[in-house]
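First the structure, in the form of structure tokens, and then the observations on it.
So you know, we letter chains A, B, ... as the sequences are listed, proteins then strands, and number each from 1.
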2 protein chains.
Amino acid sequence: MYTIGQVSELFGVPISTLRYYDREGLFPGLERTSGIRRFGERELEALRVIECLKRSGMEIKDIKQFMLWCAQGKETYPERLELFRRQKAAVEAELHQLERTLDMLRFKCWYYEQALAQGGEEGIIDLLPEEIKGAYDRAHRD
Amino acid sequence: MYTIGQVSELFGVPISTLRYYDREGLFPGLERTSGIRRFGERELEALRVIECLKRSGMEIKDIKQFMLWCAQGKETYPERLELFRRQKAAVEAELHQLERTLDMLRFKCWYYEQALAQGGEEGIIDLLPEEIKGAYDRAHRD
DNA sequence: TCTTGACCTAAAGTTAGCTTTAGGTGTTAT
DNA sequence: ATAACACCTAAAGCTAACTTTAGGTCAAGA
């Protein structure tokens, strides 16, 4: 069992944030001894999942829903699976989007390298190499 | 030349947002005829870049800085290149992070498919297939 | 004893990125 | 002439995810 300070150290998450998560219902069934929070293995795993789901762009209130489902037992397996499937699809879409953003950034880097080298922006587009051209085109269509 | 309403239609960005961007200095040198904003090719390209940089996670105030550099001419090529290089690195890091998040989500999907199939969570970890195991391990280390 | 340190709460404050509101101008269709 | 539009501004409001503040409890060490 860990105190809030220890968990904060372990995960590098501010104490105020842990308390906030608790307030928001992200640790349903968190134990207390005379008012003091006691974090067990269950809460540590919860925190790992919270960090993952947050990185995936999920909102706190939806993470709370998941934690409630976990506390409810086997009957909620389908809901939990559905949630992870949806989130997986969302992250895949986001990854794809980011790849195209990266294409645009690659193009812009190349562009300013050229501008810097030739001391101006005149006619840069004409000497677009094939590989950068691909990036440029991908970045400009939806 | 386009009015704010036309640009809003073209890009699918709310008029209020375009005015907000203008207020924040994202269109330095935007023309006006008797108070009314006139968007030209320069502003459309700016908007394309804004959308890209926003997707890359850049804040409005940093995008503003870039637009100011553009308005300043050739002397700021180095700054602009630096900005795009930094942002490219940031997006590459974010992509890597998201891949690991996806690994965790893949693992969770597999996990709940198993739990659902066998009606419980007992001993699931023991039958982790190699491919999922990799995902699980990657997702749990920093 | 007293003070230091780790915990607690409720409530107010913060930040980014918008959106909404309230009120006003100028042109065009009825 | 009057109403409908598309534009304008300043300022207030909103949401998410925290953080800060102000005040309080309790146990251990000097």
Taken to the nearest whole Å, CE/A/M1 to C1'/C/dA6 is 18 Å

With sugar-phosphate taken as primed atoms, P, OP1 and OP2 and all else as base, the protein-contact string of nucleotides 7-23 of chain D at under 4.0 Å (heavy atoms; B, S, -) is SBB-------BBBB---

Crowded around B/Q118 CD? As in, over 12 foreign heavy atoms under 6.0 Å?
-> yes

Per side-chain hydrogen bond (donor to acceptor under 3.5 Å, both in side chains), B/T76 is matched among B/E79, B/K74, B/R80, B/Q72 by B/R80

Note: B/S8 and B/L18 closest approach over all heavy atoms is N-CD1, 3.7 Å

B/L26 atom CG is separated from C/dG17 atom C1', nearest whole Å, by 12 Å

| How about B/F66 and B/F84: are their ring centres within less than 6.0 Å of each other? | yes

Inspect the surroundings of CD in A/E92 and state if more than 12 heavy atoms from other residues, nucleotides or ligands are less than 6.0 Å away.
-> yes

